[in-house]
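Atom set for the values below is all heavy atoms of this structure, side chains included, hydrogens, waters and symmetry mates excluded. What you are looking at is a predicted structure, and each value in this text was computed from that prediction instead of being measured.
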Amino acid sequence: MADVKLTDIRKSFGPVDVIKGVDLDITAGEFVVFVGPSGCGKSTLLRMIAGLEDITSGELRIGGEVMNDIDPSKRGIAMVFQSYALYPHMTVRENMSFALKYAKVPKDEIDRQVNSASKILGLESLMERKPKALSGGQRQRVAIGRSIVRQPKVFLFDEPLSNLDAELRVHMRIEIARLHRELGTTIVYVTHDQVEAMTLADKIVVLRAGIIEQVGAPLELYDNPANTFVAGFIGSPRMNFFDGRVKACDGSRCHVELPAFDNAVVAIPLKGSMPAVGSDVSLGVRPEHFHDDGEGLLSLTIDMLEHLGGETFAYARSATGAMVVIETKHGRDLQSGQQFDARFRTDAALLFDKAGKRIY
């Protein structure tokens, strides 16, 4: 395994700047996930690490060595793509051993590495099958196995689960997490699915429009987002945001007026610097922070109920049309069209300024 260091990495396609100065340190053995919306640059950044895209400027180091102009085959990396890219005319064993044969590795060593990888991935009984006789999950495991046998310093995964159905995605997430524990190799993983990021990552890198918005452990980003973009992207369903205005502040609380809720005023415990009275703010409340004993109160009308068995998500709106998502244990007692008062924990609410930056 090896560390990866990106220093002021930039990528331009003609006049278009795609990656706009990325600085990132990935520790050896870390599982790092790049997340962000489509077009944010996460796959481009991964391909630059792999050597499949040229670096316009900046410096890339893998294991302490500058890799900007090093051929991809000599970077000590292995990449798993969204498409399995298996040779259809070859068996599983032949697919997994192909790169080693091409590198003229001795046959005994090839057999040892292929057998070891097949055991790790549970492919022993499938080694003589061809890709057309495999399920989607099995093909993805073969693609991963083909990377393992190369014994890379760094694994790169580019949305490897996006072609799988929901149940298989869950299973493969478990398999990849287990694989990381067993191998201990550095992994850089790209996904647009923040659930994958939250469940797999040691560290998440949130990207938007070619820049890093925030880097941190999954729960750190969830609990302490730097801005409304990160707060809204991390978490499912996403955080609710309500436009507000600071009406007053005392020594321990900030009183915020919410125009979308008939100018209701909620008192938010101060956790940092005091915002200026009269300033525009955004109040963030996660769906699970609605509780019967909460101090904040919103009058709502239910539009739709999403029953998930043990929990229910209520999609509701205020009298002025502001949308709210609420996680509730009382879903069986609610109905669409019903008016009700929803309470939320003010101590868990977050405040952001007009530009979207976290106040506290």
Side-chain angles (χ1 to χ4, degrees), residues 35 165-167 169-171 173-174 177 193-201 204 217-225 228-244 252-271 281-352 358 360:
V35 296
D165 61 45
E167 183 177 354
R169 284 173 75 113
V170 173
H171 176 72
R173 282 205 300 266
I174 296 170
D193 185 341
Q194 56 92 20
V195 174
E196 281 182 29
M198 292 290 288
T199 54
L200 287 173
I204 293 177
L219 292 180
E220 174 64 21
L221 296 191
Y222 188 84
D223 293 334
N224 296 297
T228 53
F229 176 78
V230 176
F233 195 85
I234 300 295
S236 181
R238 72 193 300 271
M239 179 180 280
N240 298 289
F241 296 104
F242 310 130
D243 291 335
S252 61
R253 291 175 179 269
C254 180
H255 301 269
V256 179
E257 185 178 56
L258 303 176
F261 298 92
D262 295 327
N263 294 318
V265 177
V266 294
I268 308 299
L270 284 171
K271 307 168 189 172
V281 295
S282 181
L283 178 66
V285 182
R286 293 205 181 275
E288 69 268 25
H289 291 152
F290 284 87
H291 286 279
D292 293 341
D293 57 354
E295 294 183 357
L297 178 63
L298 303 176
S299 296
L300 302 168
T301 301
I302 298 174
D303 278 341
M304 187 189 80
L305 295 167
E306 185 177 54
H307 297 290
L308 301 178
E311 61 187 9
T312 297
F313 289 104
Y315 295 81
R317 55 184 165 81
S318 69
T320 59
M323 298 302 298
V324 186
V325 183
I326 298 167
E327 181 181 332
T328 175
K329 301 297 183 182
H330 306 304
R332 298 176 188 274
D333 302 323
L334 300 175
Q335 295 181 348
S336 297
Q338 178 180 340
Q339 294 184 345
F340 77 115
D341 290 336
R343 293 185 172 275
F344 65 91
R345 287 176 46 201
T346 55
D347 63 324
L350 303 179
L351 272 185
F352 304 88
R358 172 85 174 276
Y360 59 78

Atom pair [atom1]/[atom2] of [X] and [Y] - distance to nearest 0.5 Å:
| X | Y | atom1 | atom2 | answer |
| --- | --- | --- | --- | --- |
| L298 | L258 | CG | CG | 6.5 Å |
| D333 | L305 | CG | CG | 10.5 Å |
| I174 | T199 | CD1 | OG1 | 9.0 Å |
| H307 | R332 | NE2 | CZ | 8.0 Å |
| E257 | N263 | CD | CG | 4.0 Å |
| L300 | M323 | CG | CE | 9.5 Å |

If we only count heavy atoms from C-beta on, is the [X] to [Y] side-chain gap below 4.5 Å?
| X | Y | answer |
| --- | --- | --- |
| L334 | T312 | no |
| V195 | R169 | no |
| T328 | F290 | no |
| D341 | S299 | yes |
| L219 | M198 | yes |

Short question: side chain of [X], backbone of [Y] - any donor-acceptor pair under 3.5 Å?
| X | Y | value |
| --- | --- | --- |
| E196 | R173 | no |
| D303 | Y315 | no |
| R358 | P225 | yes |
| T346 | E295 | no |

Indicate the atoms forming the closest heavy-atom contact of [X] with [Y], along with that distance.
| X | Y | value |
| --- | --- | --- |
| G337 | T301 | O-CG2, 3.8 Å |
| P259 | T320 | O-CG2, 4.5 Å |
| V285 | A349 | CG2-CB, 4.2 Å |
| A260 | A322 | CB-CB, 3.7 Å |
| V265 | H255 | CG1-CB, 3.9 Å |
| F241 | T228 | CZ-O, 3.5 Å |

I'd like to know whether V266 forms a side chain to side chain contact (heavy atoms under 4.5 Å, CB included) with L283, so could you lay out the CA-CA distance, the side-chain angles of the two residues, the decisive distance to 0.1 Å, and finally the verdict.
CA-CA 10 Å; V266 294; L283 178 66; 3.9 Å; yes

What verdict does the side chain to side chain contact (heavy atoms under 4.5 Å, CB included) test give for I302 and F340, after you've listed the backbone C-alpha separation in whole Å, the side-chain angles of each residue and the deciding distance to 0.1 Å?
CA-CA 8 Å; I302 298 174; F340 77 115; 3.4 Å; yes

Would you please classify the geometry between the F242 ring and the F344 ring as parallel, tilted or perpendicular, with 30° and 60° separating the classes?
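Correct class here is tilted.
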
Could you go through the side chain to side chain contact (heavy atoms under 4.5 Å, CB included) check for K329 and E311 one step at a time?
CA-CA 6 Å; K329 301 297 183 182; E311 61 187 9; 4.3 Å; yes

C254 vs L351, side chain to side chain contact (heavy atoms under 4.5 Å, CB included): CA-CA, chis, key distance, verdict:
CA-CA 10 Å; C254 180; L351 272 185; 4.2 Å; yes

